[in-house]
Each structure stands twice: as structure tokens, then as C-alpha cells.
Amino acid sequence: MALPLYVQAAWFGGALLFIVGLKGMSSPATARRGIVFAGYGMILAIAGTFFIPGLRNLGLMVAALALGGASAWISGRRVKMTDMPQMVAIYNGMGGGAAAAIAAVEFARGSTHDGVTTGLAVIGALIGAVSFTGSCVAWAKLQGVLKRAVRLPGQNALNLILAAVAVGLGALLVALAPARSEAILAFFAVALILGLVVTLPIGGADMPVVISLFNAFTGLAVGFEGYVLGNPALVIAGIVVGAAGTLLTQLMAKAMNRPLSNILFTPITGAASGGEAIAGTMKEVGAIDAAALMRYASTVIVVPGYGMAVAHAQHKVWEMAVLLEEAGVTVKFAIHPVAGRMPGHMNVLLAEAGVPYDKIFDLDEINGEFAQADVALVIGANDVVNPVARTDKSSPIYGMPILNADQAQNVIVVKRGKGTGYSGVENALFYTDNCRMLYGDAQPAIAEVIQQLKALG
Amino acid sequence: MEGMAVLYLFMLAAFTGYEIIAKVPVILHTPLMSGSNFIHGVVVVGAMVALGYAETPLEQAIGFFAVALGAANAAGGYVVTERMLAMFKKKEGA
């Protein structure tokens, strides 16, 4: 279809602003400006679309934009920083659903396309639909609606069969185009079920990688549907995100030392896969001793985990760090690549609490320093400091890079109870001789340490 | 769009996406994932076109659904990304 120049120009401008914006987002100094640029791009592209001649259903269109836009805007404003990953997951799923729905409209119209176009529409619909239901499951898991990983009998075989059926039905749609509505309906039903079934058995610990993967999926789906609609802006935005998302997924999987195929086909299930029993006992420590230990240390490394964020203790932790620094103690923060629920999530949470960048270190930067540190303070982190990952080949987390907190002179672990971490694996660190447990909710526990630090002067 | 030209477009866009992410510091991974999530929210434009050409009530219903989902993707993606990046900016100035 030949579109007026001003519509084309609006789409071109939108695509340009997306690229400029994404580029800006790749550096902390220009990141904010980047998202604002991309935002203008979106407004431009949407506004231009209204001027396509002969467009029907404008009332419906405005209503849908208002409904979807306003509800997401409000929920996005309200969501807590700790709940950010599942929010990204659900918005992403909606994008995937939209891409699949575009294909559905195209099929329903029975618009006669060539084989390539129909084929891309089918592929886009398939991955969009999988991303939609899969992201919904990811959201439900992280939100705590779905508590356990559900593993069906013959899970891997079932996944393969469903995928094969979906691809087969998709091929049928291409071969029969324009296809009967029963075939179209069956195709979408199977694709949606596939997303559910593939994601259900994946454990919460692996969810960040899965969300990132679905983000890439949605990007590709959008790119393919863009081709079907003859819209280069969709193609560019979709494929750029598809490629970027794929790389980001690989980076995350690498950080966890879990190849993507492992995450998708052999999920971590702590109890079932066992691991060796751990000898020794956990030793408790009070806030007074913990405070003294840190006050008279020369270096303290804080290892924050998601538990700290859930307890909203990051402000207290930073307050404690400032007190220690004033007393001449060097305080550093060590961030595991998968601390929090997404890479970089913990950095966001610490930034919110006011912790400056130069105190925050990556795994590679800091791991050599634990051996010289007097105290490693582990707050709400568990699996990422579990030495079992280095030693016990039978453990499900074996091989995952960990922070060497166990090498510090003293380890203090702030923890609510004696339970295991997200992966369900027992932590050998807690049983070592140099480790002391400070039981309690992170926020009151650290508040008490602060009191004791002030008392020490 | 011409078939081959689009193939080139796919290739160049893929490299662009790869290059942009390759140099990003870990601290920005979460906002960037969120930001790229916002950008594929442009699917709303495609949904608008699909709804704009819809004729039967069924097509209209699916089209409406598509536009609402796409708009939610775009609006939600923008808000959460902007909120995260605003925090970084404050610290930059401090």
C-alpha cells in the first residue's frame, strides 16, 4: 500500500528516535535522556498512524489506546522497585500478545499474501503467543501467585510434541492460505498452551533469564508482523530488540553458568536433585557482637541479596555503611550478576537508597578482595554465596560463579530463619567456623546494629 | 516492502541491537531490558493499522485487543524505565 509521505516520515522519525534513545540508554549519563527520546519516537509514530487515509474504527482505536495506556501507566507508576522484574515481564507479554493478535486479524481478514509473508506472520504469531502466556506465568511466579514449579510427567517430550504440533499447524496455515477458521483457532490455542507448558516447570531463580528471552521473542514477533504489515518502523524496532534481547539473555545465562538449554529443559529442583548433606551447626550472633566486629574491622564487604530488598532494608544498610565509614572502616558492596531478580536489579535498588556507584563492585572486581576483608556481611543473599557451587558436583547449583564471602575472616549472615535459598539448596557457608548468623528481619536487625554502632561511638 | 531489501533491513537492525547492548555496563541491564521492552511497544502502531482495516466484528474485537495490549506495553514500559533511570540521574548529579 502506498502511504502518504507524512505518515512514512512519522514512522521513520520514530524508528530513528528509538535507535538514538536505545544508544543513549547504554550509558548512565545519557540514559534518562535516551528513554525520553524513545518516548517522543513512540508519540510521533502513533500520531502519524492516525493520518493514514481511509482508516476505520477510529473511535475503537482511541478507546483501546486510552484503556491499555492508562491502566499500564497507573500500574507502572505504583509498582515498587522490588517488583519491577515481574512488571517488565507482564508488559512484555502484552507486546507479544499484541503481535499475535495482529497476525490473527490478518488471518481472519483472509488477506491474500504470498508464502513468505504468511510464513512470517505465522512465525511471529507463534513466538508472540508463547511470549504472551509465558510472560504471564513468569509474572505469576515472581509475584508469588504461583508458588511452586509445576512439572508435568514427561515434560520435555510434551514440550517437543506441543512445539511440533504448533509448527505443523503453522505450516498448514501457510499451505492452505487463506486457511479455515478452525485451523487458525487450533494454531493459536496450541501456541498459547505451549507458552504456558514451557514456562510452568521453570524455577523462580531462572525467571530473569526467561523474561529476557521472552523480551527478545516479542521483539522478533513485532519485527515479523512489521514485515507483514509493510511497516519498516516495526521491523527495525522489533529486530533491534530481538537481537539486543538475545545477547542480554546470553549474558545473563553466562553469569549464572546455566546454558539456556539447561534452564528450559532441566530446571533446578532442590529437593529432588539432592546434593550432599552438610556437617556442622549454625552459630548465632547478637547485634552487639556483630556491630563490634564491624566497627573494629578495617574492611567490610556487604553482600546484598533480594531478601534485603524485600525487607526494604537498603536504606538502613546504607545508613550503617555511612556510620562505619565515619569510624574509618572501608565499606564495599559486592553484587552478584543475578542478585535481585534481574541483572542490574540490585544496582537499581541500591541507587534508590543513595549508595554511590564507586562503592558497588561486580563479582569479577571484588572476588579477590574477600580474602583480605575482615567481615563479609551477607544480607538476604543465599545461593550466590553458597560454596557448594564450587565443590559439590551433585548440587543443582554446581558451577554457578559465586561471591567468595566464605574467604573473609568473619562472615555475618543476616537471615530471617534457617530456610534454604530460592533454589532450595542447603547453604554450606552457614555451617563454616567463621560464619555467624544474625537472625531477624533485615530491617530491624540492621537497625539494631546501627543502635549498637552508635553506642560504641 | 521489497523482499530482499527487508532481508538487509533485518540484518542491519540485528547488528545494531547487538552492538548497542554489547557495550552496556551491568548496572544498566535491568533498565535497558525494560527500555527495549518499551521500544517493541511500537507494536501498537501495527495494531492500530490492523484495527483500522478491520471489517467484521470479530476482526474489530481482536484488533481492539491488540491495540489495548500494545498501548499497555508502550505506556507501562515507558513509565517503569523512566522511573528507574530517573534514580540514576539523581545520583549522577550528586
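For clarity, every value in this text was computed on a predicted model and none was experimentally measured. Chain letters run A, B, ... following the sequence lines, proteins first and then strands; every chain starts at 1.
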message: Around atom CZ of F188(A), are there more than 12 heavy atoms from other residues, nucleotides or ligands closer than 6.0 Å?
response: yes
message: Other residues, nucleotides and ligands only: do more than 12 of their heavy atoms fall within 6.0 Å of OH on Y40(A)?
response: no
Spacing of [atom1] belonging to [X] relative to [atom2] belonging to [Y], to within rounding of 0.5 Å:
X: I239(A); Y: F10(B); atom1: CD1; atom2: CZ; value: 4.5 Å
X: L7(B); Y: Y227(A); atom1: CG; atom2: OH; value: 9.0 Å
X: I52(A); Y: Y53(B); atom1: CD1; atom2: OH; value: 5.0 Å
X: E19(B); Y: L22(A); atom1: CD; atom2: CG; value: 12.5 Å
X: L60(A); Y: M48(B); atom1: CG; atom2: CE; value: 12.0 Å

Passing option when N57(A) is tested against E59(B), E55(B), Q60(B) for side chain to side chain donor-acceptor pair (under 3.5 Å): Q60(B)
If you count heavy-atom pairs under 4.5 Å between each of [options] and chain B, which one has the most?
options: T218(A), L67(A), T30(A), I90(A); value: T218(A)
options: H345(A), M61(A), M84(A), E106(A); value: M61(A)
options: L58(A), L55(A), N92(A); value: N92(A)
options: A38(A), S75(A), G97(A); value: A38(A)
options: G34(A), A99(A), G39(A), P85(A); value: G39(A)
options: E225(A), M87(A), M94(A); value: M94(A)

Quick check on [X] against chain B: is it the side chain, the backbone, both or neither that has a heavy atom closer than 4.5 Å?
X: S27(A); result: backbone
X: V79(A); result: both
X: N215(A); result: both
X: S212(A); result: both
X: A63(A); result: both
X: I360(A); result: neither

Beyond-backbone contact of V105(A) with L51(B), side-chain heavy atoms, under 4.5 angstrom: no
I211(A) side chain reached by M33(B) side chain, heavy atoms, under 4.5 Å: yes
Heavy-atom closest contact ([X] atom, [Y] atom, distance):
X: G69(A); Y: A75(B); result: O-CB, 3.4 Å
X: L247(A); Y: Y18(B); result: CD2-O, 3.4 Å
X: G46(B); Y: I102(A); result: C-CD1, 3.6 Å
X: A98(A); Y: G70(B); result: CB-N, 3.7 Å
X: H40(B); Y: V222(A); result: O-CG2, 3.7 Å
X: A13(B); Y: V240(A); result: O-CG2, 3.4 Å

task: Kindly assign one of parallel, tilted or perpendicular to the pair Y78(B) and W73(A), based on the angle between their ring planes and the thresholds 30° and 60°.
output: parallel
Max heavy-atom pair count under 4.5 Å with chain A, selected residue of [options]:
options: L58(B), V80(B), T81(B), L12(B); result: V80(B)
options: V67(B), V43(B), T16(B); result: V43(B)
options: G77(B), A54(B), G35(B); result: A54(B)
options: G17(B), A22(B), A14(B); result: G17(B)
options: G63(B), A47(B), A61(B); result: A47(B)
options: A71(B), S34(B), A74(B); result: A71(B)

[X] side chain to [Y] backbone, donor-acceptor under 3.5 Å:
X: R109(A); Y: A50(B); result: no
X: N231(A); Y: V45(B); result: no
X: R83(B); Y: R77(A); result: yes

I20(B), L85(B), I21(B) screened by side chain to side chain contact (heavy atoms under 4.5 Å, CB included) with M25(A), the one that passes: L85(B)
Test item: side-chain donor near acceptor, T30(B) and N347(A), under 3.5 Å: no
Heavy-atom contact with chain A under 4.5 Å, split by part of V44(B): side chain
field: Under 4.5 Å from any heavy atom of chain A - which part of F65(B)
entry: side chain
- request: Run the numbers on V49(B) and T49(A) for side-chain contact (heavy atoms from CB on, under 4.5 Å), then give the verdict.
  value: CA-CA 7 Å; V49(B) 174; T49(A) 309; 4.0 Å; yes
